[in-house]
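Let me begin by presenting the structure, written as structure tokens, before commenting on it.
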2 protein chains.
Amino acid sequence: MSDLVERLRGRGWRMTSQRRVVAEVLNGDHVHLTADEVHARAARLLPEISRATVYNTLGELVSLGEVIEVATDGRAKRYDPNAHRPHQHLVCSACGTVRDVHPAGDPLADLPPEERFGFTVSAVEVTYRGLCPSCA
Amino acid sequence: MSDLVERLRGRGWRMTSQRRVVAEVLNGDHVHLTADEVHARAARLLPEISRATVYNTLGELVSLGEVIEVATDGRAKRYDPNAHRPHQHLVCSACGTVRDVHPAGDPLADLPPEERFGFTVSAVEVTYRGLCPSCA
DNA sequence: ATCCTACGTTAGACAGAGTTCAGGTCAAGA
DNA sequence: TCTTGACCTGAACTCTGTCTAACGTAGGAT
């Protein structure tokens with residue numbers, strides 16, 4: 001994720017302290033923070049950062065394909081920096097914890113043409129639900 | 001869906017005009033209304049019905065397993081009365097339209113034990129995304 | 001090194017979806 | 001018919017997220 005800053009600069013991104021801090025907060029594996037959590041952590045490094053900037057920056061990172069938006073429940077979206085490798089999500093129904101998982105098979109191939117109703121299908125999301133070890 | 005009223009009464013549900021109207025509105029195949037749409041249609045039959053009652057009733061139907069909640073995106077949740085037959089959803093990224101689909105294969109079987117991280121996996125949701133014929 | 005300016009940031013108002021609450025209403029059993 | 005606890009209502013409220021107008025600044029131009 002540290003070369004992310006370089007990739008973004010190469011794409012003409014103006015680098016600001018706010019954007020750097022948001023990228024820093026999203027660093028790591030199995031990170032699935034909500035926008036508010038990103039804002040809270042970013043504010044520990046840069047107290048004046050505003051909510052609007054966090055939302056703007058996250059939206060830009062999503063458009064650039066550097067971060068994936070995950071809607072695990074009806075609540076706030078979560079942001080997943082692990083956009084390099086395709087993966088799915090395993091969500092604990094009790095505490096909301098999210099894990100990245102890598103199932104076998106290709107769900108897109110499982111949808112036959114006659115079940116597509118003329119849609120141009122471009123993506124598929126799989127969400128596994130259950131109880132994590134601590135909640136079971 | 002008409003025997004739904006009987007099933008609910010059998011479970012000790014107090015039957016009111018409001019609940020009857022919400023159940024009526026949800027009748028049919030490929031129905032995926034938002035709470036607001038349910039409220040609008042219910043209000044045509046029972047003008048004084050309140051939003052809170054619609055939300056309460058939908059929530060109860062979901063807990064009872066009679067209706068499935070579909071979180072299509074950042075938008076409003078949709079409510080799917082087709083809870084009897086297992087199925088997945090195909091969502092238009094542009095207009096939010098939802099279709100029920102029946103893919104081949106079992107996504108649960110595609111998640112090997114070493115990818116479950118000790119979770120007790122009990123369910124899986126698959127959401128296909130793309131453009132519907134009108135939006136393409 | 002400094003200046004310019006277009007791009008970025010900020011605070012706060014706003015909007016959509018959903019929840020809560022106090023008080024009035026009514027389904028259904030006695 | 002009476003009673004009562006479950007149900008309904010409307011309004012205020014919370015939570016997420018977006019928009020706007022004024023201000024700040026990164027980085028190329030000079």
Side-chain angles (χ1 to χ4, degrees), chain A residues 5-6 8-25 32-43 45-64 66-80 96, chain B residues 5-25 32-64 67-80 91 95-96 98:
Chain A
V5 170
E6 283 316 308
L8 294 174
R9 202 193 291 276
R11 295 207 219 178
W13 237 40
R14 181 176 292 187
M15 191 47 55
T16 66
S17 51
Q18 290 85 351
R19 288 176 168 180
R20 206 188 322 272
V21 162
V22 169
E24 221 167 291
V25 163
H32 302 92
L33 300 172
T34 64
D36 251 18
E37 287 164 353
V38 171
H39 179 238
R41 296 191 187 199
L45 303 169
L46 189 68
E48 329 76 44
I49 193 170
S50 75
R51 265 169 20 98
T53 296
V54 170
Y55 276 105
N56 286 342
T57 306
L58 289 172
E60 288 156 8
L61 289 170
V62 170
S63 316
L64 291 171
E66 295 288 349
V67 165
I68 293 170
E69 229 173 41
V70 186
T72 56
D73 50 4
R75 321 233 23 186
K77 291 178 200 160
R78 291 176 178 274
Y79 293 88
D80 180 350
Chain B
V5 170
E6 283 315 309
R7 279 207 300 286
L8 294 173
R9 201 194 292 276
R11 295 207 218 178
W13 237 39
R14 178 176 293 186
M15 191 47 55
T16 66
S17 50
Q18 290 84 354
R19 287 175 168 180
R20 205 187 323 272
V21 161
V22 169
E24 221 167 293
V25 163
H32 301 93
L33 299 172
T34 64
D36 253 17
E37 288 165 351
V38 171
H39 178 238
R41 297 191 186 199
R44 293 213 286 264
L45 303 169
L46 190 68
E48 328 75 43
I49 193 169
S50 74
R51 268 168 19 95
T53 296
V54 170
Y55 275 106
N56 286 340
T57 306
L58 288 172
E60 287 156 8
L61 289 170
V62 170
S63 316
L64 291 171
V67 165
I68 293 171
E69 226 174 43
V70 186
T72 56
D73 209 358
R75 310 161 188 260
K77 291 177 201 162
R78 291 175 178 273
Y79 293 87
D80 180 351
V91 180
C95 67
V98 179

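Between B/W13 and B/N56, the one whose closest nucleotide on DNA chain C sits nearer the 5' end is B/N56. Mapped onto DNA chain D by nearest heavy atom, B/S17 and B/R51 fall at different nucleotides, with B/S17 at the one closer to the 5' end.
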Given side-chain contact (heavy atoms from CB on, under 4.5 Å), test A/Y79 with A/H32 step by step and report yes or no. CA-CA 5 Å; A/Y79 293 88; A/H32 302 92; over 6 Å; no
Would B/L8 and B/L61 satisfy side-chain contact (heavy atoms from CB on, under 4.5 Å), going step by step from the backbone distance to the final call? CA-CA 9 Å; B/L8 294 173; B/L61 289 170; 3.9 Å; yes
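Without hydrogens or angle criteria, A/H39 side chain to A/Y55 main chain gives no donor-acceptor distance under 3.5 Å.
Residue-environment remark: CZ (B/R41) stays at or below the threshold of 12 foreign heavy atoms within 6.0 Å.
Here the CZ-CG distance, from A/R78 to A/L33, works out to 7.5 Å after rounding to the nearest 0.5 Å. The structure places OG1 of A/T53 at 11.0 Å from CZ of A/R51, a figure rounded to the nearest 0.5 Å. The CZ atom of B/R9 sits 5.5 Å away from the CE atom of B/M15 when rounded to the nearest 0.5 Å. Summarising the geometry, atom CD belonging to B/Q18 is positioned 11.0 Å from atom CG belonging to B/N56; distances are rounded to the nearest 0.5 Å. Taking CZ from B/R20 and OG1 from B/T57, the interatomic distance works out to 12.5 Å, rounded to the nearest 0.5 Å. Atom OG in B/S17 sits 7.5 Å away from atom CD1 in B/I49 (nearest 0.5 Å).
Using a 4.0 Å cutoff to heavy atoms of chain B, the contacted part of DNA chain D runs 5' to 3' from D/dG5 to D/dG10. Along DNA chain C, read 5' to 3', the first and last nucleotides having any atom under 4.0 Å from a heavy atom of chain B are C/dA17 to C/dA28.
Residue A/A76 is in sugar-phosphate contact alone, with no base atom involved, counting any heavy-atom pair closer than 4.0 Å across all strands shown. Residue contacts for B/R9: at a heavy-atom cut-off of 4.0 Å it reaches the sugar-phosphate backbone alone, with no base atom in range. Contacts of B/T53 with the nucleic acid, taken as non-hydrogen atoms under 4.0 Å apart, include base atoms. B/R19 comes within 4.0 angstrom of sugar-phosphate atoms only, judged by non-hydrogen atoms across all strands, and of no base.
Contacts between residues 32-43 of chain A and DNA chain C, defined by a heavy-atom separation under 4.0 Å, are absent.
For the salt bridge (charged side-chain N to carboxylate O under 4.0 Å, His left out) test with A/E60, the passing option among A/R11, A/R14, A/R19 is A/R19; the others fail.
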